[in-house]
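This report concerns only the one structure given below.
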Amino acid sequence: MIVPSVRGMKDILPPESERWSALESSFLAKAAAYGFLEIRTPVLERTELFARAVGESTDIVEKEMYSFTDRSGESLTMRPEGTAPVVRALLAHRAELGEWPVRLCYTGPMFRHERPQKGRLRQFHQLGAEMFGTDSPYADVEVLAFLSGFLAEAGLDRVSLEINSLGDAACRPQYHQALSDFLASREGLLCEDCRRRRTRNPLRVLDCKSEHCMEATRDAPSILDSLCEPCRLHFEFVERGLAAAGIPFARNPRMVRGLDYYRRTTFEFVIPGMGAQNTVAAGGRYDGLAEMLGGKERVPAIGFAIGVERLMLLLGEGEGGGRAVEAFFVASSPRFLDEAFRRKMELAGKGVRADMDYEGRSVKAQFRRADRSGAKVVVVFGEAEDARGAVVVRDMASGSQEEVSRDEAMRRLIGLKKEE
RNA sequence: GUGAGUGUAGCUCAGUUGGCAGAGCACCAGACUGUGGCUCUGGCUGUCGUGGGUUCAAUCCCCAUCACUCACCCCA
């Protein structure tokens, strides 16, 4: 009985793994072009970090964290998201990271104990970026331009960007109160879930998919109408910036985020008609988080995360990597295996991939394998040529072949690689 | 956490109203005793997810369990 893998955790096999690597490198390259350099933080953090950053009463902290007590009695948690660890690292290494703004990005696995579903796993992966140390809405526009540019370059079309503002400490409480009062007046019309949400997290009611609730909240007060002057100006600046950058977007005053730390700008890239998990990337501004985590100074910040699995889903199978085999060596007799093997190793050392059959199969079978391997040429080590120190080089596409010296054959194969 | 569906050869699936299981593809060998892709011929492979129960007998019925899928919830 083989040991099964853990629920919701998947092996990523070639050639899919090749596409993952390619996606990650293109992300890091794009990030570098915008000034974001990679940070690698531990997968494990103290549970307290997420409890404080993400919010005690969020679903993530309440029931989705992989937490355990380690041998020293400390409660540790496998990170459910990437922002809190990066902020923690920023505060710990403030002096080493240079002047504001500090731009960091990351890639890696995150863990949440949810019921697995299409586009949702227990170990999933994110590409993320965070920009620290400026309140300027230019930062919001920059981060969105980076994200939107990356998604487009990755080959994603049909995405739409939705933006919203959650206000700040000055205006959000008033809005909460206003919304709460409104919902109280409509209590009877709400679904069971929403009645519960009404007191705990009123914003969620606006996001309910139930038709009754959507109807009942049609004329609910909008957060965007309740913003204080600074928040309103900030939001409008971001909108103008996006327009100037040629990035299409839509306001969505009902957009809700699952983490408590967001302030002001929030955004999501969604794919219409992709099923339940239609958010491929999301983020927002979190100006208060550094202080919540014990930072002495205020560090305004904005960032995003992209769901790699969801992005891969959208990009489809694609061509998929896999390294092409340049040449396949056929040994017409087992006594040529040594020679063929030595040549194969020699080519590998030069970065050329050759393959051969080690099992002593018939020439016919070796050719069949050569064909399937996709090799451009087959090199035959045979009796007749051996006396002359030569081999037969066959072009698999055309079927033409000729006899050349072994050294010449090697030179050609190395040349073949260089032509690409 | 809730609900529904699925789980049979490497892959995609069929199947028996309960009697120790099949197809296609793939794979292997052969159809010229050094040469592939097409065609033809032959061949190999399964604890019928796992553990119990009912039965003379279960892959097919019952219970449990695990995994996967989809939806809800929530989120990347």
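Chain letters run A, B, ... following the sequence lines, proteins first and then strands; every chain starts at 1.
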Checklist line | B:rG49 and B:rA57, which share atom name C1', separated by this distance in whole Å | finding: 22 Å

Item checked: Sugar-phosphate only, base, or nothing, as touched by A:Val280 at under 4.0 Å among non-hydrogen atoms -> sugar-phosphate

Note to self: From the set B:rA76, B:rG34, B:rA29, return the single nucleotide nearest to any side-chain atom of A:Ser332.
What the structure shows: B:rG34

Note to self: With heavy-atom distances below 4.5 Å as the criterion, would you say the side chains of A:His125 and A:Glu309 are in contact?
What the structure shows: yes

Next item on the list: State which of B:rU69, B:rA76, B:rG30 makes the closest approach to the side chain of A:Gln126.
Entry: B:rA76

Margin query: Can a donor-acceptor pair be found, under 3.5 Å and without considering hydrogens, that links the side chain of A:Ser180 to the backbone of A:Gln177?
Written below: no

Notebook entry, point to check: Tell me, do A:Glu64 and A:Phe111 make a side-chain contact under 4.5 Å, heavy atoms counted?
Noted result: no

Checklist line | Short N-O contact, A:Asp407 and A:Arg412, less than 4.0 angstrom | finding: no

Checklist line | Short side-chain N/O contact to B:rG34 OP1/OP2 from A:Lys364, under 4.0 Å | finding: no

Notebook entry, point to check: Heavy atoms under 4.0 Å, any strand shown: does A:Gln401 hit a base, just sugar-phosphate, or nothing?
Noted result: base

Next item on the list: Grab the CE-P distance between A:Met255 and B:rC75 for me, whole Å please.
Entry: 12 Å

Next item on the list: Sort out the partner of B:rC32 for me: Watson-Crick or G-U wobble, both distances under 3.5 Å, none otherwise.
Entry: none

Check: Does any nucleotide pair with B:rU45 by Watson-Crick or G-U wobble geometry, both distances under 3.5 Å, and what is it?
Finding: none

Next item on the list: Map A:Lys63 and A:His125 onto RNA chain B by nearest heavy atom, then report which one ends up closer to the 5' terminus.
Entry: A:Lys63

Margin query: Using the C1' atom as the point on both nucleotides, what is the distance between B:rC32 and B:rC27, in whole Å?
Written below: 24 Å

Item checked: P gap between B:rG22 and B:rU45, integer Å -> 12 Å

Check: Using the P atom in both, what is the distance from B:rG19 to B:rC60, to the nearest Å?
Finding: 11 Å

Check: Between A:Glu339 and A:Arg343, does at least one N-O distance fall below 4.0 Å, as a salt bridge requires?
Finding: yes

Notebook entry, point to check: Looking at A:Arg372, does any N or O in its side chain come under 4.0 Å of the phosphate oxygens OP1/OP2 on B:rC28?
Noted result: yes

Note to self: Can you say whether a donor on the side chain of A:Arg115 sits under 3.5 Å from an acceptor on the base of B:rC73, or the other way round?
What the structure shows: no

Checklist line | N or O in side chain of A:Arg369 less than 4.0 angstrom from B:rC28 OP1/OP2 | finding: yes

Next item on the list: Provide the closest heavy-atom pair for A:Glu239 versus A:Arg251 in the form atom of the first, atom of the second, distance.
Entry: OE2-NE, 2.6 Å

Margin query: Work out how far the P atom of B:rA21 is from that of B:rC48, and round it to whole angstrom.
Written below: 10 Å

Checklist line | P atoms of B:rA58 and B:rG18, separation to the nearest Å | finding: 13 Å

Margin query: Could you tell me how far apart A:Glu383 (CD) and B:rU35 (P) are, to the nearest whole angstrom?
Written below: 14 Å

Margin query: I need the CZ-P distance between A:Phe381 and B:rU35, as an integer number of Å.
Written below: 18 Å

Checklist line | Phosphate OP1/OP2 of B:rA76 contacted by A:Arg257 side-chain N/O (<4.0 Å) | finding: yes

Next item on the list: Considering just the side-chain nitrogens and oxygens of A:Lys118, establish if one lies under 4.0 Å of OP1 or OP2 belonging to B:rC70.
Entry: yes

Margin query: Under 4.0 Å, heavy atoms only, any strand: does A:Gly283 hit a base, just the sugar-phosphate, or nothing?
Written below: nothing

Checklist line | Side-chain N or O of A:Arg7 closer than 4.0 Å to phosphate OP1/OP2 of B:rC68 | finding: yes

Check: With a 4.0 Å cut-off on heavy atoms, is A:Ala384 in touch with a base, just the backbone sugar-phosphate, or nothing at all?
Finding: base

Next item on the list: Using both distances under 3.5 Å as the test, list the Watson-Crick or G-U wobble partner of B:rU16, or none.
Entry: none

Note to self: Return the pairing partner of B:rA71 with a 3.5 Å limit on both distances, Watson-Crick or G-U wobble; otherwise return none.
What the structure shows: B:rU2

Check: Between B:rG36, B:rC74, B:rU2, which one does the side chain of A:Arg394 approach most closely?
Finding: B:rG36

Note to self: Let's test this: given Watson-Crick or G-U wobble pairing with both distances under 3.5 Å, identify the partner of B:rC61.
What the structure shows: B:rG53

Checklist line | C1'-based separation of B:rA67 from B:rG51 [nearest Å] | finding: 15 Å

Notebook entry, point to check: Which is true for A:Gly8 with a 4.0 Å heavy-atom rule: it touches a base, it touches only sugar-phosphate, or it touches nothing?
Noted result: sugar-phosphate

Margin query: Regarding A:Arg46 and A:Asp70, does a basic nitrogen lie under 4.0 Å from an acidic carboxylate oxygen?
Written below: no

Next item on the list: Assign A:Ala282 to base, sugar-phosphate, or nothing according to its heavy-atom contacts below 4.0 angstrom with the strands shown.
Entry: sugar-phosphate

Next item on the list: Could you state the atom-to-atom distance from CG of A:Leu121 to C1' of B:rC75 in whole Å?
Entry: 12 Å

Notebook entry, point to check: Just how far, in rounded Å, is C1' of B:rA76 from CG of A:Leu311?
Noted result: 11 Å

Next item on the list: Could you work out which one of B:rU35, B:rU69, B:rC74 sits closest to the side chain of A:Pro116?
Entry: B:rU69

Note to self: Any donor-acceptor pair, under 3.5 Å, between the side chain of A:Asp371 and the base of B:rG37, if you only look at N and O atoms?
What the structure shows: no

Next item on the list: Taking atom P in both B:rA64 and B:rC56, compute the distance separating them and give it to the nearest angstrom.
Entry: 24 Å

Checklist line | Distance in angstrom units between A:Phe150 CZ and B:rA76 P, rounded | finding: 17 Å

Next item on the list: Given side-chain hydrogen bond (donor to acceptor under 3.5 Å, both in side chains), test A:Ser165 with A:Arg285 step by step and report yes or no.
Entry: CA-CA 9 Å; A:Ser165 174; A:Arg285 189 164 263 289; over 6 Å; no

Check: Quick one: A:Glu339 CD to B:rG34 P, roughly how many Å, whole number?
Finding: 22 Å

Note to self: Just to be sure I understand the rule, does A:Arg368 reach a base, reach only the sugar-phosphate, or reach nothing, if contact means heavy atoms closer than 4.0 Å?
What the structure shows: sugar-phosphate

Notebook entry, point to check: Below 4.0 angstrom from OP1 or OP2 of B:rA71, is there any side-chain N or O of A:Gln117?
Noted result: yes

Next item on the list: Would you kindly give the CD-to-P distance between A:Glu309 and B:rA76, to the nearest whole Å?
Entry: 14 Å

Notebook entry, point to check: Does the base of B:rG34 carry an N or O that pairs as donor and acceptor with the side chain of A:Glu385 under 3.5 Å?
Noted result: yes

Check: Taking the nucleotide of RNA chain B with the closest heavy atom to each, which residue, A:Arg120 or A:Ala281, is nearer the 5' end?
Finding: A:Arg120

Item checked: Side chain proximity check, A:Leu104 to A:Phe36, heavy atoms < 4.5 angstrom -> no

